[in-house]
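Quick note on labels: first sequence line is chain A, next is B, and so on, each numbered from 1.
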Amino acid sequence: MTNPIFWVGVLTLALIYASLAMALNVESGWGGMWDLGIAGLLASGSYCYVILTAGPDLDMRFAPGLSMWVAWPLAALFTGLVAFAIGAPALRLRREYFLITTLAFAEIIRQLVVIQADFTRGTVGIPNINRPFDSFVSGREYNYVLLAIAAAAAAVMYLVTRQIGVSPFGRTLRAARDNEAVALALGKRVNRMRIQTFVLAGVLIGATAPVYLFYIRAISPQLFAPGITFTVWTALVIGGIGSIRGGLAGAFVLIVFTEAVGLIEVDPAHINILVAIEPFLVGLLLVLVLRFRPDGLFSERTAFGAGGRSNSRARDPRPAEPAATSGG
Amino acid sequence: MKRILIGLLAFGLIAAACSSDDEDEGPVKLGFLNGQSGDYGPWGHWALAAAEVAVEELNAGGGVLGRDVELVVEDNGSTPEGAVSGFAELTEVDGIHALGGIESDGMIAIFETVHELQIPTICSTCGTTELDSTGGDMVFRIIPSDTDNGIVGAQVARDEGYTSVAMLVELSEGTESPANVFKSVFTEQMGGTVTEDVRFNAGETTYAAQVAQAFESGPDAVYIAAGFETGVPLLNEWQRRGYTDIPMIFTTDLLSPEIAEIVGGVDGASAIVGATAYDTESNPAWDAYVPRFEAKIGDPPEIAFYDAWQYDQYIILGLAMAAAGTTDGAAVAAAIPDIANPPGVEVFTYADGVAQLEAGNEIDYHGTTSNLNLNSVGNLLSPVMAVIHVEDGAWDVRENIELDPTLVKPS
């Protein structure tokens, strides 16, 4: 039978991905901005946190050794600034051009981390990330502390994103996504609102970054490959794009399912078959969800009531096409 | 939200109701946490085959402490996140007693947890400079470090009479680390010149610009640090552009048959590798390992696939458990330097080692890759290095060399 500590770790990772998926939902589900740069924003927040908390023993050019409680909000704010720097030019582009631009920015951030080795220790990375309360609780028991931190972070993320979703700002955001021309005709400053949303999502992702590092306990550029972005997106699609609970539910289903598949016991000689079948099974899960629940486990319609989303929009989940743009 | 929280709570309670296995009974479980998929995937098949050969030898030798040995395999997807979750599964679900197979970035991610859970770990493919000074308690490295590889590369360049080199370096931990050491030693300690230092990413569409930049900078030789998957398109570009009269110095990762065929197929071209090597000269451990590995996989061992180190680590772990008389992590870790270092009767197989231990003798295990003597931080005292040339489209080990003791490891 399985030791509960293992499942505590799985739940922790699921909650971290749930937080990221809920942040993604704000910009992509409600804002219609299909962002493939999650890994870049997560890298920005993570490296900001690690650099600010780094001590002189790491031999880095800038290592102020700040308290983690100071560095944590600064990492969130810094990620918001990075999101602004990306969003200002990228949000002038349409649909797939925006999507590919955010993916490119994420890769640029990763390469900057590699190149700026004096500040980031480059490809070698940084081991032994300090974690809150680890002087009080250590070893296996710390997993429960980490679960509590991840749960608290996910709960705050849920409350914040829910508040955004039901606020006038959130309603306007969805309205602009569904029919930008009408929103503009009503005097809404759609472009400004989109940038605000993109920055807000950056802040939320940056706030989640230290929790991810507490789980991994080390940082290196390899950690922020595009795969992490696609995992967050898969979680959101399974849970339901646009719904308040979708990111939370989708991350749980995806991470628990993935880890459960990993528990299948095979002879070592056949491990390559299991390795090959794992992504297939995850893909199959995604296909089945999309086949039988096209809107995901939770739909936007049920989240916001009948008026929450137009029928046409519900059947056509394409990203929004900004009207006042110069094209791409 | 309330329903979700209740569901979470119920899930936690169900999980908590499940009890863990008794780890003091049943087979001795040796974990193999390795990239069977992802970036390290091409090496995975070879690494696993070597680990299986070792575990078969342990079981053929009567098992460990009279118990069968089970190899528990977990794919880490070649990512730090995969290493963390894979290690959690190996320790919390499978209840492993010791760990092997892990690569550098995964090792760094689980380093602290390994110590907290007291899981003796041997790193058979970790070149990372992070382990140059941090191991020795619970983590041991039986492969030369990237620092050793960088120094030997510079040593080869010096011995060949090169005073200037251009560098072509893939941006990854495993290639940048030795390259940075090479550059430091070659320029600061040998007075050499680097005419161009070109860094590039894996998976680029073309390497034409990078190759031209390096080879046209007027060097005596070009130092290339890259994985073999990147090395193939890079050398195809080198061949197309006709830079074949400039000698090349490679790092260990390029010691694959494909690379030798490319270089060997060009008249006048030469490539030399100052590399990590296996200990093949008059070594009974090597002689016993090769036919069993070939029978398992159908190919002979390859240095670039790091298979023999995977074998050695499990023989060491088995002998350490036998010497300690327990699978307790702290006791096994303490026994690892004892069975790897002199004094003691030199042994080359698990069965011989156990026989000597049962006779009340201390042992000094000599593996397939080196004498495996370890220093106080769990690193090799005298790694086996070699000068290897391309000869008729294949790699030819010209001579084994020792690291020049006058060359100082860069700080």
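- For a residue to count as touching a neighbouring chain, one of its non-hydrogen atoms must lie under 4.5 Å from one of that chain's; by this rule B:N201 touches chain A with the side chain only.
- Counting only heavy atoms from C-beta outward, the side chains of A:I126 and B:I108 never approach each other to under 4.5 Å.
- Here the two rings, on B:F293 and B:Y311, have centers that are 6.0 Å apart or farther.
- Considering B:D132, B:T129, B:N379 in turn, B:D132 is the only one that fulfils the side-chain hydrogen bond (donor to acceptor under 3.5 Å, both in side chains) rule with B:T147.
- In this structure, chain A has a heavy atom under 4.5 Å from the side chain of B:E116, while its backbone stays farther away.
- Interface remark: B:T113 contributes backbone and side-chain atoms alike to the contact with chain A (heavy atom separation under 4.5 Å).
- Using cut-offs of 30° and 60° on the angle between ring planes, the pair B:Y314 and B:F32 is tilted.
- Of the atoms belonging to A:I271, it is side-chain heavy atoms, and not backbone ones, that fall under 4.5 Å from chain B.
- B:Q210 has its side chain within reach of B:L168: a pair of non-hydrogen atoms, C-beta onward, lies under 4.5 Å apart.
- The most heavy-atom pairs under 4.5 Å with chain B, out of A:R162, A:Q111, A:R217, come from A:R217.
- A donor-acceptor pair shorter than 3.5 Å can be found between the side chains of B:T175 and B:S172.
- Inspection of the B:E103 and B:N76 side chains reveals an N or O donor paired with an N or O acceptor under 3.5 Å.
- A donor-acceptor pair shorter than 3.5 Å can be found between the side chains of B:S124 and B:Q313.
- In this structure the side chain of B:T251 never reaches within 4.5 angstrom of the side chain of B:F182, judged on heavy atoms.
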N/O donor to acceptor pairs below 3.5 angstrom from side-chain atoms of residues 142-155 of chain A, sequence neighbours left out:
from: A:Y142; atom 1: OH; to: A:P132; atom 2: O; distance (Å): 2.6
from: A:N143; atom 1: ND2; to: A:R140; atom 2: O; distance (Å): 2.8

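- Of the listed residues (B:A109, B:A88, B:G86, B:S177), the one with the most heavy-atom contacts under 4.5 Å to chain A is B:A109.
- For B:T79, no part lies under 4.5 angstrom from a heavy atom of chain A.
- B:E130 touches chain A through its side chain: at least one heavy atom from C-beta onward sits under 4.5 Å away, while N, CA, C and O do not.
- Residues of residues 43-52 of chain B lying under 4.5 angstrom from chain A, judged on non-hydrogen atoms, are B:L48, B:E52 by number.
- The greatest number of non-hydrogen atom pairs below 4.5 Å with chain B, out of A:S138, A:G262, A:G122, A:P221, is found for A:G262.
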